[in-house]
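Convention: sequence-line order gives letters A, B, ...; per-chain numbering from 1.
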Amino acid sequence: MGKSKKLNSTSEEKKYTFFDDVFAVALQIPKGRVTSYGAIANYLGTKMSARMVGWAMNAAHSSPLNIPAQRVVNRNGMLTGKHHFDTPERMQELLEKDGLEVKDDTVVDFKNKFWDPSKALNL
DNA sequence: GCATTGACGAAGG
DNA sequence: CCCTTCGCCAATG
């Protein structure tokens, strides 16, 4: 009986593994560390789709979860996505709050603060 | 349905 | 060394 489990065409039956995975990784970034879009994409197996990671972060704003998008920067450690926050300064403030140092919209000692998801997950 | 854009990145000139 | 182009894939116009 019943079985009216019919999903409408507009329903979000679609599984955005990619987006969801990006959120999961972002949430696993330890405090005081940062990662890059390419690193996450690489962990997902599609390092060429680093853009999609950024797009996923954009969707993160609408996500019920609190995604620490400020910990995700580009390969140069630059806060390229700061304009997408509530305020462009928000991203730097959040990073500084994590104990990081940001100068000229770039994470200081980024290389040392870099957190690789593949490495963290002991892949 | 095609064209443009986008929080990237690597490669080429 | 700086700028341009291409690839990736999804959302928006």
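Look at the C1' atom in both B:dA7 and C:dC2: the space between them is 23 Å, to the nearest Å. Comparing the same atom, P, in B:dA3 and in C:dC6 gives a spacing of 15 Å after rounding to whole Å.
When rounded to the nearest whole Å, the span between NZ of A:Lys47 and P of C:dG7 equals 16 Å. Straight-line distance from the CG atom of A:Asp20 to the P atom of C:dA10: 15 Å, rounded to whole Å. Going from atom CG of A:Leu44 over to atom P of C:dC9 covers 13 Å, rounded to whole Å.
The same ILVMFWY cluster, assembled from side-chain heavy atoms under 4.5 Å apart, contains both A:Ile40 and A:Phe19. Criterion: ILVMFWY side-chain heavy atoms under 4.5 Å apart, direct or through other members. Under it, A:Phe110 and A:Trp115 are not part of a common hydrophobic cluster.
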Just the dot-bracket of DNA chain B, please: which string comes out with Watson-Crick or G-U pairs under 3.5 Å, [ ] for crossing, | for another strand?
.|||||.||||||
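Pairs of residues two or more places apart, or lying in two chains, never qualify as salt bridge (Lys or Arg N to Asp or Glu O under 4.0 Å) while including a residue from residues 25-37 of chain A.
For residues 52-61 of chain A, proximity to DNA chain C is found at A:Met52, A:Trp55, defined as any non-hydrogen atom under 4.0 angstrom from a strand atom. If you check residues 75-97 of chain A against DNA chain C, you find no residue with a heavy atom closer than 4.0 Å.
The salt bridge (Lys or Arg N to Asp or Glu O under 4.0 Å) test applied to A:Lys113 returns no partner, not counting sequence neighbours. Residues forming a side-chain hydrogen bond (donor to acceptor under 3.5 Å, both in side chains) with A:Asn76 (at least two apart in sequence, or on another chain): none. Residues meeting the ring-ring contact (aromatic ring centres under 6.0 Å, His included) test with A:Phe23, sequence neighbours left out: none. In terms of the side-chain hydrogen bond (donor to acceptor under 3.5 Å, both in side chains) criterion, A:Asp86 has no residue partners (sequence neighbours excluded). Judged as a salt bridge (Lys or Arg N to Asp or Glu O under 4.0 Å), and not counting sequence neighbours, the contacts of A:Asp105 are A:Lys82.
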Checking side-chain contact (heavy atoms from CB on, under 4.5 Å) for the pair A:Gln70/A:Leu79: CA distance, chi angles, key distance, verdict?
CA-CA 8 Å; A:Gln70 70 278 7; A:Leu79 284 59; over 6 Å; no
Can you give each donor-acceptor pair under 3.5 Å made by side-chain atoms of residues 44-69 of chain A, sequence neighbours left out, with the distance rounded to 0.1 Å?
| residue | atom | partner | partner atom | Å |
| --- | --- | --- | --- | --- |
| A:His61 | NE2 | A:His84 | O | 3.4 |
| A:Ser63 | OG | A:Leu65 | N | 3.3 |

Which pairs of donor and acceptor atoms, one on a side chain in residues 94-103 of chain A, lie under 3.5 Å apart (sequence neighbours left out)?
| residue | atom | partner | partner atom | Å |
| --- | --- | --- | --- | --- |
| A:Glu96 | OE2 | A:Gln92 | NE2 | 3.3 |
| A:Asp98 | OD1 | A:Arg71 | NH2 | 3.3 |
| A:Asp98 | OD2 | A:Arg71 | NE | 2.7 |
| A:Asp98 | OD2 | A:Arg71 | NH2 | 3.1 |

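A:Ser36 comes within contact range of the sugar-phosphate backbone alone, with a heavy-atom separation under 4.0 Å but no base atom that close.
Note that the first and last nucleotides of DNA chain B, 5' to 3', having any atom under 4.0 angstrom from a heavy atom of chain A are B:dG6 to B:dA10.
At a threshold of 4.5 Å between non-hydrogen side-chain atoms, the residues A:Asp116 and A:Thr35 do not count as touching.
The two atoms that bring A:Pro117 and A:Ala39 nearest to each other are CG-O, 3.7 Å, heavy atoms only.
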